[in-house]
Amino acid sequence: MKKLLVYLKKYTVQSVLAPLFKLLEASFELIVPLVIADIIDVGIKNGDNNYIFGRCGILILLALVGMTAAITAQYFAAKAAMGFGKDLRHALYKKIQSFSFSELDRIGTSTLVTRMTSDINQVQNGVNLVLRLFLRSPFIVVGAMVMAFFINVKCALIFLAAIILLSFVIFSIMAYTVPKHKNVQSRLDSITLITRENLSGARVIRAFTDEENEIKEFNKRNNALSSLQKGVGRISALMNPLTYVIINLAIVVLINSGAAKVNDGILTQGQVVALYNYMSQILVELIKLANLIVSVTKALASADRIQAVFDEVNTLEITDKDNTCSSYIKFDNVSLKYKNAADFSLENISFTADRGDVIGIIGGTGSGKSSLVSLIPHFYDATSGTVFVDGKDVKSVNPDDLREKIGFVQQKAVLFKGSVRDNMKWGKKDATDDEIIAALKQAQIYSSIEEKGGLDFFIEQNGANLSGGQKQRLSVARALVRKPQILVLDDYSSALDFATEAKMREAIFSLDYPVTVFIVSQRASSVISADKIIVLDDGACVGMGNHRELLNSCEVYKEIYSSQFGKEDE
C-alpha cells in the first residue's frame with residue numbers, strides 16, 4: 001500500500017485538511033455533554049429558563065459549526081480519495097497496456113478486469129474512510145475517557161474497563177474475519193472469469209445446448225463465494241450485539257455507581273448524564289473504528305493485488321545490440337516456447353523475404369502458423385534464434401516504431417463500439433475519409449457499409465450487428481488504411497466465400513506501393529499464388545517453395561491440396 005500512496009501526493013493538502021476538520025468536529029462533539037450537564041445542574045435545577053435557552057443556543061451553534069466542519073472534511077476526503085482512485089486507475093491501465101502478450105496470457109483478462117474495477121474501488125473507499133475516521137474515532141474514544149477522568153476518577157475506571165473489554169471483543173472478531181476478507185477478492189476473480197467467458201461465448205454455449213452445465217458451474221462458484229461471505233458475516237454479526245451488551249452493562253454499572261455518588265453529593269445529576277453521553281460516544285466510535293479496520297483490511301488486500309500488477313516486469317526483451325542482416329525479413333533458426341508450455345510451438349524456423357514478396361504460411365490446426373507471424377511485430381520473444389525486420393533484429397527496435405510499419409489482421413476479428421470511421425482510425429489516426437473509403441474498397445466491404453449508412457454507421461460492441469465475413473473484411477480494411485510496409489493476414493478469410501476472398505487478394509496484390517504480405521491460412525487457394533509458401537507441421541517447417549515445387553516435394557502440402565481440390569495438379 002505504501003507504494004500506491006505516491007498517487008496521493010497531488011492531494012496532500014486535502015489529505016491533511018480532511019482529518020483536521022474531522023478533529024475539529026470531534027472537539028465540538030466532546031463539549032456537548034458538558035453543556036447538557038450545565039443545563040441540568042444549573043438551568044433546570046434553578047428553573048432559569050434564560051440560562052437554559054442560552055445553553056441551547058450554544059448547542060445549536062456547536063451543531064452548526066460541527067456540521068460545517070464535517071461537510072468540509074467530507075469534501076476534502078472525497079476529493080483526495082477520488083483523485084487518488086483516478087490517478088491509480090490511469091497508472092494501472094497504462095501499466096497493463098505496456099504488457100507483452102506473454103504477461104497478458106499468464107495473468108489473465110478476468111483478473112486484470114477485477115483489479116481495474118473492484119480492487120481499485122476498495123482501495124479508494126479505504127483511503128476515504130481513513131481520511132475521515134482514522135484520527136477521529138480514536139480521538140473521540142480517548143477524549144471521552146479523559147473527560148470522564150476530569151468528572152470523576154472512579155467512574156472513569158468503568159470507562160477504562162469497558163474500553164479494554166470492547167477492544168478485546170472487536171479485535172478477536174477481526175483476527176478471524178480479516179484473513180477471510182482477503183480470500184473474497186480471489187473468489188471474485190473466479191466469478192468474473194466465468195461470467196466473461198459465458199457472455200463472450202454465449203452463442204457457442206447455446207449452439208451446444210450447454211446452458212445447464214454452465215449455470216451449474218456458475219452457481220457452484222457463486223455459492224462458494226456466498227458461503228465464504230456468509231461465514232465472515234456470521235462472525236462479524238456478533239460484533240454489534242456483543243459490544244452493545246458490554247456497553248449497556250457498563251452504563252448500568254455507571255448509573256448505579258453515579259446514583260450512589262449523587263446521593264452522597266460527590267456527583268451531580270448533570271455529571272452522571274454527561275458520563276452516560278460519553279459512554280455512548282465511545283460505543284459509537286468503537287463500532288466505527290472496527291468497521292474502519294475491516295474496510296482498511298479489505299483495501300490493503302486489494303492494494304497488494306494492484307501492486308502485484310505494477311511489480312510485473314515486461315518480459316519482452318529490448319536490447320541495444322545493433323544486429324543487422326541484408327534481407328528485408330529474416331528468420332534465423334527461430335524457436336518459440338510459450339511460458340509454462342510443455343513443448344515448443346516453433347522449432348528451428350529459417351527463411352527470408354524481400355520487400356514486396358508474398359509469403360504464404362499453411363499447415364494444420366496447431367501447427368504454429370499464428371505463432372510464427374506473431375514474432376514479426378515482436379508480440380513474443382523468440383526463445384532462440386533471431387527475427388529480423390527491415391534488416392534489424394526486432395529486439396533492438398522500439399516496439400512502437402516496429403509496429404507502425406506493420407498492418408496486422410489477427411485470427412479473431414475484433415471491432416470496437418463506435419462508427420466505421422472511428423474503427424478505421426485505429427489503423428491510422430489522421431486517416432481522411434477518402435483514405436478510409438479506398439481501404440474499404442480494397443477489402444471488398446465498401447458497398448455493404450454504404451448500404452448501412454456509410455462511414456457513420458454505428459458498430460455495436462464486438463461487431464454484434466455485423467456478420468463474421470463483414471467483421472473480417474473491416475479488420476483487413478483497418479490494416480490497409482495505414483498503408484503498411486508489411487501486411488500480416490492471419491486466417492483473415494475463414495468466413496469469406498472463395499470469390500470475395502479472391503477479389504480481396506487481387507486488390508491487395510495490386511496495391512500501388514510495395515508491401516510484403518504474409519498470408520496465414522488453412523486454405524491452399526489462399527496461398528497458391530504466393531512467391532514462397534512455408535508449410536508447417538507441429539511447429540516444424542516441413543516444406544518451403546512455390547506451389548508447383550511443394551506439390552512435387554512436400555507430402556504435407558500435397559495432402560492439404562488434395563483434400564481441398566481432389567487433385568494434385570493446378
Side-chain angles (χ1 to χ4, degrees), residues 355-360 373-374 376-377 379 389-390 400-521 523 526-527 529-530:
R355 192 183 296 271
D357 280 355
V358 177
I359 308 297
V373 293
S374 69
I376 298 172
F379 289 152
V389 173
D390 199 8
D400 291 338
D401 295 337
L402 173 64
R403 291 163 193 167
E404 277 294 323
K405 304 174 182 178
I406 301 170
F408 202 103
V409 180
Q410 292 183 320
Q411 226 171 348
K412 182 181 178 183
V414 177
L415 298 173
F416 298 94
K417 189 174 183 179
S419 68
V420 171
R421 183 183 289 105
D422 294 336
N423 272 271
M424 291 302 103
K425 286 189 175 183
W426 278 87
K428 184 182 178 184
K429 289 185 175 62
D430 58 350
T432 64
D433 285 357
D434 289 340
E435 289 176 322
I436 293 172
I437 290 170
L440 292 172
K441 286 179 178 178
Q442 290 162 355
Q444 309 302 307
I445 187 65
Y446 180 66
S447 58
S448 298
I449 294 301
E450 194 175 28
E451 290 172 5
K452 292 177 181 291
L455 300 185
D456 292 320
F457 172 67
F458 193 83
I459 299 172
E460 297 294 341
Q461 187 176 3
N462 293 325
N465 54 342
L466 296 171
S467 68
Q470 288 171 332
K471 286 191 282 188
Q472 284 188 335
R473 282 177 284 167
L474 280 173
S475 297
V476 173
R478 183 173 57 195
L480 289 172
V481 77
R482 75 191 314 170
K483 295 187 176 179
Q485 297 176 25
I486 301 167
L487 180 63
V488 179
L489 304 172
D490 186 1
D491 203 12
Y492 70 107
S493 60
S494 57
L496 302 182
D497 59 80
F498 286 98
T500 303
E501 182 196 359
K503 289 179 183 177
M504 185 194 298
R505 200 165 55 245
E506 183 181 346
I508 292 171
F509 293 164
S510 303
L511 292 172
D512 57 1
Y513 57 92
V515 56
T516 304
V517 183
F518 285 82
I519 300 176
V520 176
S521 182
R523 291 181 180 178
S526 299
V527 301
S529 57

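Take Asn465 and apply the side-chain hydrogen bond (donor to acceptor under 3.5 Å, both in side chains) test, not counting sequence neighbours, and it matches no residue. A search for side-chain hydrogen bond (donor to acceptor under 3.5 Å, both in side chains) contacts involving Gln485 returns Tyr328, not counting sequence neighbours. A search for ring pair (Phe, Tyr, Trp, His ring centres under 6.0 Å) contacts involving Phe416 returns Trp426, not counting sequence neighbours. Every residue two or more places apart in sequence or in another chain that forms a side-chain hydrogen bond (donor to acceptor under 3.5 Å, both in side chains) with Ser521 is listed here: Ser526. Remark: Ser529 engages no residue in a side-chain hydrogen bond (donor to acceptor under 3.5 Å, both in side chains) (not counting sequence neighbours). For Asp390, the salt bridge (charged side-chain N to carboxylate O under 4.0 Å, His left out) partners two or more places apart in sequence, or in a different chain, are Arg355, Lys405. Not counting sequence neighbours, the partners of Glu501 by the salt bridge (charged side-chain N to carboxylate O under 4.0 Å, His left out) test are Arg505, Arg523. By the salt bridge (charged side-chain N to carboxylate O under 4.0 Å, His left out) test, Lys428 is found to be paired with Glu435, residues two or more places apart in sequence or in another chain being considered. Residues forming a ring pair (Phe, Tyr, Trp, His ring centres under 6.0 Å) with Phe379 (at least two apart in sequence, or on another chain): Phe101, Phe408.
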As a quick check of understanding, evaluate side chain to side chain contact (heavy atoms under 4.5 Å, CB included) for Leu489 and Ile508, giving each step before the final call.
CA-CA 11 Å; Leu489 304 172; Ile508 292 171; 3.8 Å; yes

For Ile437 and Ile449, what are the C-alpha separation, side-chain angles and deciding distance, and is it a side chain to side chain contact (heavy atoms under 4.5 Å, CB included)?
CA-CA 10 Å; Ile437 290 170; Ile449 294 301; over 6 Å; no

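A distance of 10.5 Å separates CD1 in Ile406 from OG1 in Thr516, rounded to the nearest 0.5 Å. In this structure, CG in Leu496 is found 10.5 Å from CD in Gln470, a value given to the nearest 0.5 Å. Atom CD1 of Ile436 and atom OH of Tyr446 lie 11.0 Å apart (nearest 0.5 Å). Taking CZ of Arg473 as the start and OG1 of Thr500 as the end, the distance is 5.5 Å to the nearest 0.5 Å.
Summarising the geometry of Ile376 relative to Leu402, their closest heavy-atom pair is O-CD2, 3.6 Å, with the distance given to 0.1 Å.
Screening residues 440-463 for salt bridge (charged side-chain N to carboxylate O under 4.0 Å, His left out), with sequence neighbours left out, gives Arg421-Asp456. Identified under the ring-ring contact (aromatic ring centres under 6.0 Å, His included) test for residues 450-492, with sequence neighbours left out: none. The salt bridge (charged side-chain N to carboxylate O under 4.0 Å, His left out) contacts involving residues 480-498 comprise Glu404-Arg482, where partners must be two or more places apart or lie in separate chains.
Residues Leu474 and Leu440 meet the side-chain proximity criterion, which asks for heavy atoms closer than 4.5 Å. Counting heavy atoms from C-beta outward, Leu487 and Val476 have side chains that stay 4.5 Å or more apart. A 4.5 Å side-chain heavy-atom check between Ser493 and Met504 finds every atom pair outside the cut-off. Between Val414 and Lys471, the closest side-chain pair of non-hydrogen atoms is not below 4.5 Å.
At distances below 3.5 Å, at least one donor-acceptor pair connects side-chain atoms of Arg403 with backbone N or O atoms of Pro377.
Applying the side chain to side chain contact (heavy atoms under 4.5 Å, CB included) test between Ser475 and each of Leu415, Leu480, Ile445 identifies Leu415 as the sole match.
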